[in-house]
Amino acid sequence: MRITTWNVNSVRQRLEHLLLFLREEAPDVLCLQELKTTDDLFPRGEIEAVGYSCAVHGQKGFNGVAILSKRPLEDVRRGLPGADDDEQSRYIEGVISVDAGVVRVASIYLPNGNPVDSAKYPYKLAWMGRLARHARDLLALEEPLVLAGDYNVIPEPRDAADPAAWEGDALYLPQTRAEFRTLLALGFTDALRACDEAAGRYTFWDYQAGAWQRNKGIRIDHLLLSPEAADRLAGTTIHKHMRGLEKPSDHVPVSVRLEM
DNA sequence: ATGACTGGCCCTGCCAGA
C-alpha cells in the first residue's frame, strides 16, 4: 500500500491539484496538513467523489490536518494526549484495515517555531515532547505505524541547499534537530533516508526569491516508520513535479510504499 | 548586491508561514 503526506497550504486553494493527485497517483492513504479551513468548509464531497473517505481536524484560518483513505478509517483520534487546552489543530490519527492486518497512520503538522525568541519556539519544543511521548505509547502496540507530516525540521545539513542560511532558524537549531533524533531513537525509521542517502532531496521550496527556480529547497516533510512498518518498506517517492504546476503549494507530496 | 510570495481574515493592511 502507498501512504502519502502533503502540506497543501490551503485545501480550498489547492483543490484542483489535490483531485489531480488523487486521480493520477491514487495513494491508498493521503495525509494532509495546513488545510486552513474548518471542518464544515472542507471539500468532503469532491474528495469522496473520487473514492476517498475523510477524517478531518480543521481550524479557521490556520493549521488543520486530515487523513484521506480509500478504505474506512477507524479509531480516529484528534489532537495529541496531554494538551486538551491546545486549540491548534495539528494532529490526527486513524487505523486502516488491510488484508495483512492493520496500519495506523498519523497526519502531523509540527509547529514552525519562529521567531525563536518568542513563545512559539518553546511551544514547538513542548509539542515535540508530547509527540514523542505519544509515539512511544503507539510503538508499544507493535503494529505497522506511519507518522507522516510536515515536521518543520531540517534533520541534517544535506537536507538543505544552503545550510548556513538556516543557522539560528527554528527548523534547524541544534535543539530542534536533537528532539527529532530523540523521536527517531525511540525506534522509528526515516523512510526517505532508508531508501536514498543522497543530498538534495527536498520537499519544500519557498515562494520567495526564486527558491524553486534556483532549487534552494529543504527536506522537512517526513514519513517515520515503526519497526513493523519498516520491515515492509518497499520504496519512497518525492512528487517533485507538483511544485512546477500553476499556483502550487510550497510543499510537494512524499510517498512511502509498504508491502502489505 | 538586493529583494523577491502566498493565503486567510477583521475586507485591508496585517499576521502567519519557513
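Chain naming here is simple, since letters A, B, ... match the order of the sequence lines and numbering starts at 1 in each. Because the structure is a prediction, the values reported are computed rather than measured.
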Can you identify which nucleotide, out of B/dC10, B/dA18, B/dG7, has its nearest atom closest to the A/K60 side chain? B/dC10
Out of B/dA4, B/dG7, B/dA18, minimum distance to the side chain of A/N7 belongs to B/dA18
Side chain of A/N9, heavy atoms from C-beta onward: which of B/dA18, B/dA4, B/dG7 has the nearest atom to it? B/dG7
Sole candidate of A/C54, A/S107, A/S53 that passes side chain to side chain contact (heavy atoms under 4.5 Å, CB included) when paired with A/L68: A/C54
Give A/K124 one of three labels, base, sugar-phosphate or nothing, depending on what nucleic acid heavy atoms sit under 4.0 Å from its own. nothing
Report yes if a donor N or O on one partner sits less than 3.5 Å from an acceptor N or O on the other, where the partners are the side chain of A/D169 and the base of B/dA18; otherwise report no. no
Looking only at the side chain of A/I220 (C-beta and beyond, no hydrogens), which of the listed nucleotides B/dC5, B/dA16, B/dA18 gets closest? B/dA18
Check every strand shown and say whether A/D221 touches a base, only sugar-phosphate, or nothing at a heavy-atom separation below 4.0 Å. nothing
Under 3.5 Å, is there a donor on one side chain and an acceptor on the other for A/Q33 and A/T5? yes
So, do A/H239 and A/F21 have ring centers that fall under 6.0 Å from each other? yes
Does atom CD of A/Q213 have more than 12 heavy-atom neighbours, drawn from other residues, nucleotides or ligands, at distances under 6.0 Å? yes
Please determine, for the side chain of A/R214, which listed nucleotide (B/dA4, B/dA18, B/dC5) has the closest atom? B/dA4
Closest of B/dA16, B/dA18, B/dG17 to the A/Y207 side chain is B/dG17
Classify the nucleic acid contact of A/R14 as base, sugar-phosphate or nothing, counting any heavy atom under 4.0 Å across all strands shown. sugar-phosphate
Regarding A/Y151, tell me which of base, sugar-phosphate or nothing describes its non-hydrogen contacts under 4.0 Å with the strands shown. nothing
Below the 4.0 Å mark, does B/dG7 have OP1 or OP2 next to a side-chain nitrogen or oxygen of A/K247? yes
For B/dT6, does OP1 or OP2 lie under 4.0 Å from any side-chain N or O of A/K36? no
Using a heavy-atom cut-off of 4.0 Å across all strands, would you classify A/Q13 as base, sugar-phosphate, or nothing? sugar-phosphate
Under 3.5 Å, is there a donor-acceptor pair between the A/H17 and A/S249 side chains? no
Any base atoms under 4.0 Å from A/R219, or only sugar-phosphate, or nothing? Heavy atoms, all strands. nothing
Strictly below 4.0 Å: does A/S10 bring a side-chain N or O up to OP1 or OP2 of B/dT6? no
